[in-house]
There are 2 protein chains.
Amino acid sequence: MENLDKFDLAILKVLQKDNLTPQRTIGESIGLSAAAVQRRIKRMRETGVISADITVINREKVGRMITLFVEVKMDSEKIELIDQAKNSFRSAPEVQQCYYVTGETDFVLVIVTPSMYDYEQLTRRLFFSNKNIKSFRTIVTLDIVKEGLEIPLDFIM
Amino acid sequence: MENLDKFDLAILKVLQKDNLTPQRTIGESIGLSAAAVQRRIKRMRETGVISADITVINREKVGRMITLFVEVKMDSEKIELIDQAKNSFRSAPEVQQCYYVTGETDFVLVIVTPSMYDYEQLTRRLFFSNKNIKSFRTIVTLDIVKEGLEIPLDFIM
DNA sequence: GGTATTAATGAAACAAAATTGCAAATCAGA
DNA sequence: TCTGATTTGCAATTTTGTTTCATTAATACC
């Protein structure tokens, strides 16, 4: 956990909304030179505070896509089996997000596929082929009300 | 829904992994000039195929943060009440993602807060104050196995 | 308190990338 | 095959990012 000052947090706040904002513009808004902003961004990349810079694609515009939530329950909680499941989920391109969670279920997955048929095929590869998966529950999304990976930085500042 | 050719899709495939990739580099890898790549990106921004360009922050590095899933059940499915709920979820900065879904539950939320206390406060504002929310179930995440907003474009190509 | 050391800064020079103008090539439909 | 519209590459231009360097601020150590 890095210690970030108010400038770093202000920079992050801008970038997580639009990382194409010129450093000069950011500098002006927070009272730093463009060079200073550039160095801070560079450092945050090196220290892993910034983990990626990505383009977000509008699903609806590229083709029909289905978004699903899947709650997965495991039989055994043995660490090797859990890790093995994590790896299999992580390496599937259809699995957009994967969370290991507490309570009734062990994993929550966000899955994006072109069709229900593709999802059915995926469940065979991902779930039915894994002996340690007890059950899974699929939730179909009708509407993406809000999407993003933003972190509420205001609470830290 | 825009119709995108193989070049557009190839560009998107690169950008959704790293949108800081120089257009010249993209051009070389797909057999186009940098200018052509730039024009295509511009068009995809204008048509909304590209909805955002963002920096992804590593939660662990900026401070203690808790990630939660919340399944929300509504009393009435009246469209005005649903829309009103959507708006309240959308406008809360702690709500990172919000999906309107089928089945038992009506909404699935991904929530990021600094502490359980903050989450408890949020539930008052977001859930208990809304008469139309029948119940909600909170799932605490232990580990983010995979995070992202990537869309599997290989299935389209 | 004074001094050495380190780290961070801004301004300017520099490099690299994005953007634009324009002529040529490509493509789709008559 | 012709025509009009679209897309392309190249080169010029503009904008942005990066590095250099001297200065300042902060910190630690006598």
Side-chain angles (χ1 to χ4, degrees), chain A residues 1-58 60-63 148-151 153-154 156-157, chain B residues 1-58 60-63 148-151 153-154 156-157:
Chain A
M1 181 167 145
E2 306 294 322
N3 58 318
L4 309 168
D5 62 17
K6 60 169 182 166
F7 289 120
D8 293 318
L9 290 170
I11 292 168
L12 290 177
K13 210 175 156 191
V14 174
L15 292 182
Q16 74 172 342
K17 286 203 178 294
D18 178 11
N19 78 341
L20 267 33
T21 311
Q23 298 171 349
R24 183 176 47 78
T25 308
I26 300 173
E28 282 164 9
S29 74
I30 65 176
L32 272 181
S33 68
V37 173
Q38 126 76 19
R39 289 182 202 110
R40 283 166 178 272
I41 293 174
K42 187 186 175 194
R43 179 154 42 81
M44 290 193 284
R45 289 217 179 92
E46 287 166 350
T47 57
V49 173
I50 291 175
S51 60
D53 287 274
I54 62 167
T55 287
V56 181
I57 299 171
N58 184 344
E60 307 302 322
K61 297 289 178 84
V62 298
L149 296 174
E150 254 183 73
I151 291 176
L153 294 175
D154 294 302
I156 306 176
M157 304 179 94
Chain B
M1 184 166 142
E2 306 295 322
N3 58 321
L4 308 167
D5 62 17
K6 59 169 184 166
F7 289 121
D8 293 317
L9 291 170
I11 291 168
L12 289 176
K13 210 175 155 190
V14 174
L15 292 183
Q16 73 173 343
K17 285 203 179 296
D18 179 12
N19 78 341
L20 268 32
T21 311
Q23 298 170 351
R24 183 177 47 79
T25 308
I26 300 173
E28 282 164 10
S29 74
I30 64 177
L32 273 180
S33 69
V37 173
Q38 124 77 16
R39 289 184 201 109
R40 283 166 178 271
I41 293 174
K42 186 187 175 192
R43 180 156 42 82
M44 291 193 284
R45 289 217 179 91
E46 287 166 353
T47 57
V49 173
I50 291 176
S51 59
D53 286 276
I54 62 168
T55 287
V56 181
I57 298 172
N58 184 346
E60 307 301 323
K61 296 288 177 84
V62 297
L149 296 174
E150 253 181 75
I151 291 175
L153 295 175
D154 294 301
I156 306 175
M157 306 180 91

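The chains referred to below are lettered A, B, ... by the order of the sequence lines, with proteins before strands, and numbering in each begins at 1.
- At a cut-off of 3.5 angstrom, the base of dT6(D) holds no donor-acceptor pair with the side chain of Arg40(B).
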Stepwise side chain to side chain contact (heavy atoms under 4.5 Å, CB included) check, Met44(A) with Ile57(B):
CA-CA 9 Å; Met44(A) 290 193 284; Ile57(B) 298 172; over 6 Å; no
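- Within 4.0 Å (heavy atoms only), Ala35(A) reaches at least one base atom of the nucleic acid.
- Side-chain atoms of Gln38(A) lie closest to dT18(D) of the nucleotides dT9(C), dT18(D), dA18(C).
- Rounded to a whole Å, the CD1 atom of Ile11(B) is 13 Å from the P atom of dT7(D).
- Contact annotation: Gln23(B) does not reach the phosphate of dA16(C) (side-chain N/O to OP1 or OP2, under 4.0 Å).
- One atom, CZ of Phe7(A), and another, C1' of dG10(C), lie 13 Å apart when rounded to the nearest Å.
- No more than 12 heavy atoms of other residues, nucleotides or ligands shown are found within 6.0 angstrom of CG on Asn3(A).
- Nearest heavy atoms, Ile30(A) versus Ala10(A): CG2-CB, 3.7 Å.
- Here dA17(C) presents its P atom at 10 Å from CD of Glu28(B), a figure rounded to the nearest Å.
- With rounding to whole Å, Lys6(B) atom NZ is found 16 Å from dT7(D) atom P.
- Using a 4.0 Å heavy-atom cutoff across all strands shown, Arg24(B) reaches sugar-phosphate atoms only and no base atom.
- Distance, Ile26(A) CD1 to dT18(D) C1': 15 Å, rounded to whole Å.
- With Asp8(A) as the fixed residue, the salt bridge (Lys or Arg N to Asp or Glu O under 4.0 Å) test singles out one of Arg40(A), Lys42(A), Arg45(A): Arg40(A).
- When every heavy atom of Gln38(A) is checked against every heavy atom of Gln23(A), the shortest pair comes out as CB-OE1, 3.1 Å.
- Closest approach to the Arg39(A) side chain among dG21(C), dG17(D), dT20(D) is made by dT20(D) (side chain taken as heavy atoms from C-beta onward).
- Taking the C1' atoms of five terminal pairs at each end of the helix from dG1(C)-dC30(D) to dA30(C)-dT1(D), the two resulting helix axes are inclined by 40°, rounded to 10°.
- Between Gly148(B) and Leu149(A) the shortest heavy-atom distance is CA-CD1, 4.0 Å.
- In terms of heavy-atom proximity, Glu60(B) sits nearest to Met1(A) at O-CB, 3.7 Å.
- For a distance-only test at 3.5 Å, the side chain of Arg45(A) fails to qualify as a donor-acceptor partner of the base of dG17(D).
- Look at CG on Asn19(B): it is 15 Å from P on dA17(C), rounded to the nearest Å.
- Side chain of Pro22(A), nearest nucleotide from dT9(C), dT19(D), dG17(D): dG17(D).
- Here dG17(D) presents its P atom at 10 Å from CG of Leu15(A), a figure rounded to the nearest Å.
- The CG atom of Leu32(A) sits 14 Å away from the C1' atom of dT24(D) (whole-angstrom rounding).
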